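One structure below.
Here the structure is a predicted model, which means the values were calculated and not measured. Scope of the values below: all heavy atoms of this structure, side chains included, with no hydrogens, waters or symmetry mates. Residue numbers start from 1 in every chain, and the chains themselves are labelled A, B, ... in the order their sequence lines are given, proteins ahead of strands.
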There are 2 protein chains.
Amino acid sequence: MKDKLTSNAQAVLEVVRTANNHPTALEIYETVREQRPRIGVATVYRILHNLVEQGHVKEINTSEESCRYDGRISRHDHAICTVCGALIDVPVDVKVSEAILQAAAQASGITLSSHEVRLYGLCPSCQAKHK
Amino acid sequence: MKDKLTSNAQAVLEVVRTANNHPTALEIYETVREQRPRIGVATVYRILHNLVEQGHVKEINTSEESCRYDGRISRHDHAICTVCGALIDVPVDVKVSEAILQAAAQASGITLSSHEVRLYGLCPSCQAKHK
DNA sequence: ATGGGTGCAAATCCTTTGCATCTGC
DNA sequence: GCAGATGCAAAGGATTTGCACCCAT
């Protein structure tokens, strides 16, 4: 996991680490470009994938585009396979204290309207292909 | 919120409700097309947006594409604005009982490696624009 | 010199938009 | 007859891929 990084990769990692706003790949690209005008988008995408794979960076998916739809509108949680991306409804309610939720919302500055717990791990079929 | 649905919208809703796999918009389109060969993708996208807005359907974003990157790799939670999509790090740890997490993971069939709590609501600036 | 990393451009894929037509009321 | 819904095609945006070149080892 501690593969050494190329200088481009270091620059990208630096940008992600110092960013305070969860940048998108293209935003990262724009910023890196200020230091390294000749870098290409493709390189940034490739590097980001590597960094995620190596655990230096995490990706978060927000609700813009590329989403899946769910007919179950009652509150429930999801389990997501980190290998194949499978999305599984969690059949039990993962309880979180209301007081903690409110405190967290207040600390974040948002008015809370709902919440979701996400479990990440390997789905059954990816476990089977163990490795 | 109980606007009445067009027959196309009903067909789309039906597909989403009976799907057991959290289909993407395109998957929904393909399925609806079996019943209504003349429907277009754009219509399906428009209908899905309406259904989400009306609360008949929810959207979930999985980790394929369109994501943002986070240099903070230690576990932490996120608050997401349902209006503008702003993604805010929650500055406090939202605790979830380990026992509950394990039970949920087991019930879902996954091997749990991490989890995240997501809070949804209005961010400060969207609150300001009240309405 | 060799192989991986890189830049560039083209290709893909997903989603949205413009617009003319159609539908239900 | 009208307003909104729809189909189609074209546009747009994000990400990936193919390929030749370059660099570090």
Side-chain angles (χ1 to χ4, degrees), chain A residues 1-16 19 21-54 56-70 83-85 87, chain B residues 1-16 19 21-54 56-70 83-85 87:
Chain A
M1 174 171 295
K2 275 293 154 234
D3 305 321
K4 85 172 151 341
L5 302 175
T6 65
S7 65
N8 271 339
Q10 286 171 22
V12 170
L13 181 53
E14 172 71 8
V15 168
V16 177
N21 57 339
H22 305 288
T24 63
L26 286 181
E27 287 164 354
I28 294 166
Y29 166 64
E30 292 300 341
T31 306
V32 171
R33 207 139 70 115
E34 292 167 11
Q35 315 299 325
R36 323 188 136 237
R38 301 196 25 86
I39 199 172
V41 234
T43 304
V44 172
Y45 277 99
R46 282 184 286 236
I47 288 174
L48 283 170
H49 287 162
N50 293 343
L51 292 177
V52 168
E53 199 163 289
Q54 296 161 203
H56 289 114
V57 151
K58 276 190 174 180
E59 45 186 30
I60 332 173
N61 351 72
T62 110
S63 78
E64 311 151 27
E65 326 298 285
S66 103
C67 37
R68 312 185 85 90
Y69 294 87
D70 193 340
V83 172
C84 71
L87 182 61
Chain B
M1 174 172 290
K2 274 295 155 232
D3 306 321
K4 87 174 152 334
L5 302 174
T6 66
S7 66
N8 271 338
Q10 286 172 22
V12 169
L13 181 54
E14 172 71 9
V15 167
V16 177
N21 57 339
H22 304 287
T24 62
L26 286 181
E27 287 164 355
I28 294 166
Y29 166 63
E30 291 300 343
T31 307
V32 171
R33 207 139 70 114
E34 291 165 12
Q35 315 299 324
R36 325 189 134 237
R38 301 194 27 86
I39 199 172
V41 235
T43 304
V44 171
Y45 277 99
R46 282 184 285 235
I47 288 173
L48 283 170
H49 287 163
N50 293 344
L51 291 177
V52 168
E53 200 164 289
Q54 297 163 203
H56 289 115
V57 150
K58 276 191 173 177
E59 45 185 29
I60 332 173
N61 349 75
T62 109
S63 81
E64 309 151 27
E65 327 298 285
S66 99
C67 36
R68 313 187 83 91
Y69 294 87
D70 193 341
V83 172
C84 71
L87 182 60

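Among residues at least two apart or in separate chains, salt bridge (charged side-chain N to carboxylate O under 4.0 Å, His left out) pairs with a member in residues 30-39 of chain B are B/E30-B/R33.
Between B/V12 and B/I28, the shortest heavy-atom contact is CG1-CG2, 4.0 Å.
Atom OH of B/Y45 and atom P of D/dG13 are 16 Å apart (whole Å). One can place CD of A/Q10 at 13 Å from P of C/dG5, the figure rounded to the nearest angstrom. Following rounding to the nearest Å, A/K4 (NZ) and D/dC23 (C1') show an atom-to-atom distance of 12 Å. Rounded to whole Å, atom C1' of D/dG4 lies 11 Å from atom CG of B/N50. One interatomic measurement links the two molecules: CG of A/L5 to P of D/dA24, which rounds to 16 Å at whole-angstrom precision. Between the CG atom of A/L48 and the P atom of D/dT15 there is a distance of 9 Å, rounded to whole Å. Between the P atom of C/dT16 and the CG atom of B/L26 lies a distance of 11 Å, rounded to the nearest Å.
Looking at residues two or more places apart in sequence or on another chain, you find no salt bridge (charged side-chain N to carboxylate O under 4.0 Å, His left out) involving A/E14. In this structure B/T6 satisfies the side-chain contact (heavy atoms from CB on, under 4.5 Å) test together with B/N8, B/A9, sequence neighbours excluded. Qualifying side-chain contact (heavy atoms from CB on, under 4.5 Å) partners for A/A19, counting only residues two or more places apart in sequence or in other chains: A/N21, A/P23. With sequence neighbours left out, B/N50 forms a side chain to side chain donor-acceptor pair (under 3.5 Å) with no residue at all.
In this structure, B/H49 reaches the C/dT16 phosphate: one of its side-chain N or O atoms is under 4.0 Å from OP1 or OP2.
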Which pairs, protein N/O on one side and nucleotides 6-10 of chain D N/O on the other, fall under 3.5 Å?
residue : atom : partner : partner atom : Å
D/dT6   : OP1  : B/T6    : OG1          : 3.0
D/dT6   : OP1  : B/N8    : ND2          : 3.0
D/dG7   : OP1  : B/R38   : O            : 3.3
D/dG7   : OP2  : B/G40   : N            : 3.2
D/dG7   : OP2  : B/T43   : OG1          : 2.9
D/dG7   : O5'  : B/R38   : O            : 3.2
D/dG7   : N7   : B/R46   : NH2          : 3.0
D/dG7   : O6   : B/R46   : NH2          : 3.3
D/dC8   : OP1  : B/R38   : NH1          : 3.4

